[in-house]
2 protein chains.
Amino acid sequence: MARPLAFDPDEKLHQAMMLFWQRGYEATSLKDLVETLDINRFSLYNTFGDKQSLFLKVVERYEQKVFGHLLSSLEGPEQGRDSLLQYFGALLAGLNEQSGVRGCFLQNTLLDGGVRDPRVRVRIQQVFSRLRAALLHQVKVALQRGEIDGLLPSMTSSAAPTPTPAETRAEAVADYLLLQVQGFIALAGLGLMMQANNALLVLRQQLADD
Amino acid sequence: MARPLAFDPDEKLHQAMMLFWQRGYEATSLKDLVETLDINRFSLYNTFGDKQSLFLKVVERYEQKVFGHLLSSLEGPEQGRDSLLQYFGALLAGLNEQSGVRGCFLQNTLLDGGVRDPRVRVRIQQVFSRLRAALLHQVKVALQRGEIDGLLPSMTSSAAPTPTPAETRAEAVADYLLLQVQGFIALAGLGLMMQANNALLVLRQQLADD
DNA sequence: CCCATTGTTGACCGATTGTTTAGAAACCAC
DNA sequence: GTGGTTTCTAAACAATCGGTCAACAATGGG
């Protein structure tokens, strides 16, 4: 009943993400967006709203496509340690195959103080909460099965003066793994992939049987 | 012989750092700088050069004052594991006492694609190299003394099929610790200090005797 | 005191920022 | 085709960007 769009919005959203990813929010101008997305200035406003709204849509797309796919192993069936190992393997694989130095789009965005839109900030906080919950879920399973006892030598030992509650222990391990995740993508963002791969070797051994 | 400056350059540099720290490079305008530093636009140019040069000076000041002080325990005498524990303690103490969510100025800057000045980027790379070298130094000492064998269960076991060279092992451990550092300051930057403190408990136990 | 030297000031530059407007062009149901 | 609706295009908007200028103020050695 009316004129259809001359472009694929999702494709343009992807291109916008790549641009924001490697330049940051403030350093990416409307001119840059119009040129690389190859659509008119006003068409951009008409389909995505203003710059902040566009950025929010980009963040949501990233969460669905990239983050959601990566978390599939953690949010799937309760496989304990195996799902953890699978997740870190997929994470490092993704970081290794990045052409330029980028790291994680969401981490970069949140650490970049330039993005002040509260909608964006709370959205990303929610994503990290989702990651922590997924980690915690599989950690609980793995701890119950005794798969990752090597990670917490004294906490798991019954000789501890005050035995730590299982819930507290699981949260400590989950937060420890959350730190590993942030560490990996930070190193990747800093261009230190070799060091990241080295560190993965150590983590793998910690998670391995003995 | 001439008119003296009406302000303390180092103090202004500090104020500029705080501004860049929580807003990012691109999001901090000359107007912002002039207003919060409370000096005239041209005086700023006259003493620090243009915006990029000012930022570079800020980075160098941060390395000297903040980073240098933090690394003192690692670059001091060869205390092995003790210096490592001391460093992480000081790091977390610093992150904990940060009022707002900031993380590390250098990490934020490098992950923020907005800073494209190559002088700044290589400078920060050098700082992280310095950190890695300092970690590696103390790790070698600690490994030789057998202080941190709990960190690498199978790699240190003589039963390994192909025994890992000491140099490789030390580098793996150093990179692992470098990842912990980046993970801690990333979590702090994301506003997840509770999780960071939780993770520190696990790391402390890994480094502890048993 | 004088004067060379340096810091300070506010106005100003062209360029670019994000955003909006008015009108032409393209589509589909009828 | 035509009507009604939506996209597209080019131009322009006010505001702000980083950076510069000449004139004035302040200093201390002579």
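Sequence lines set the chain letters: A, B, ... in the order given, protein chains first and strands last, and positions in each chain run from 1.
The distance from atom CG of A:Leu92 to atom CG of A:Leu187, rounded to the nearest 0.5 Å, is 10.0 Å.
Contact check for B:Phe20 versus B:Val59: no side-chain heavy atoms found under the 4.5 Å cut-off. Residues A:Gln52 and A:Val120 form no side-chain contact, since every pair of their non-hydrogen atoms from C-beta on lies 4.5 Å or further apart. Residues B:Val141 and B:Gln79 have side chains not in contact (no heavy-atom distance under 4.5 Å, counting atoms from C-beta outward). Counting heavy atoms from C-beta outward, A:Leu131 and A:Tyr87 have side chains that approach closer than 4.5 Å. Looking at A:Gln138 and A:Glu147, their side chains never come closer than 4.5 Å, going by heavy atoms from C-beta outward.
Contact check on B:Glu63 versus B:Arg130 returns a salt bridge, with a Lys/Arg side-chain nitrogen under 4.0 Å from an Asp/Glu carboxylate oxygen. Between B:Asp117 and B:Lys51 there is no salt bridge, since no side-chain nitrogen of the basic residue lies less than 4.0 Å from a carboxylate oxygen of the acidic one.
For A:Ser43, a side-chain nitrogen or oxygen approaches OP1 or OP2 of D:dC8 to under 4.0 Å.
For the pair B:Arg116 CZ and D:dG18 P, the interatomic distance rounds to 14 Å; values are reported in whole Å. For the pair A:Asn46 CG and C:dT21 P, the computed distance is 12 Å after rounding to whole Å. The CD1-P distance, from A:Ile39 to D:dC8, rounds to 8 Å in whole Å. Rounded to whole Å, the distance from CG on A:Leu44 to P on D:dT9 is 12 Å.
For the segment residues 48-62 of chain A, no residue has any heavy atom less than 4.0 angstrom from an atom of DNA chain D. DNA chain D is contacted by no residue of residues 9-34 of chain A, taking any non-hydrogen atom closer than 4.0 Å.
A:Tyr176 and A:Glu171 share no side-chain donor-acceptor pair at under 3.5 Å.
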Can you name the atoms? Protein N/O to nucleotides 10-14 of chain D N/O, anything below 3.5 Å, with the distance.
none

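Applying the side chain to side chain contact (heavy atoms under 4.5 Å, CB included) test between A:Tyr62 and each of A:Leu106, A:Val127, A:Ile124 identifies A:Leu106 as the sole match.
Residues A:Phe55 and A:Tyr25 bring their aromatic ring centres within 6.0 Å.
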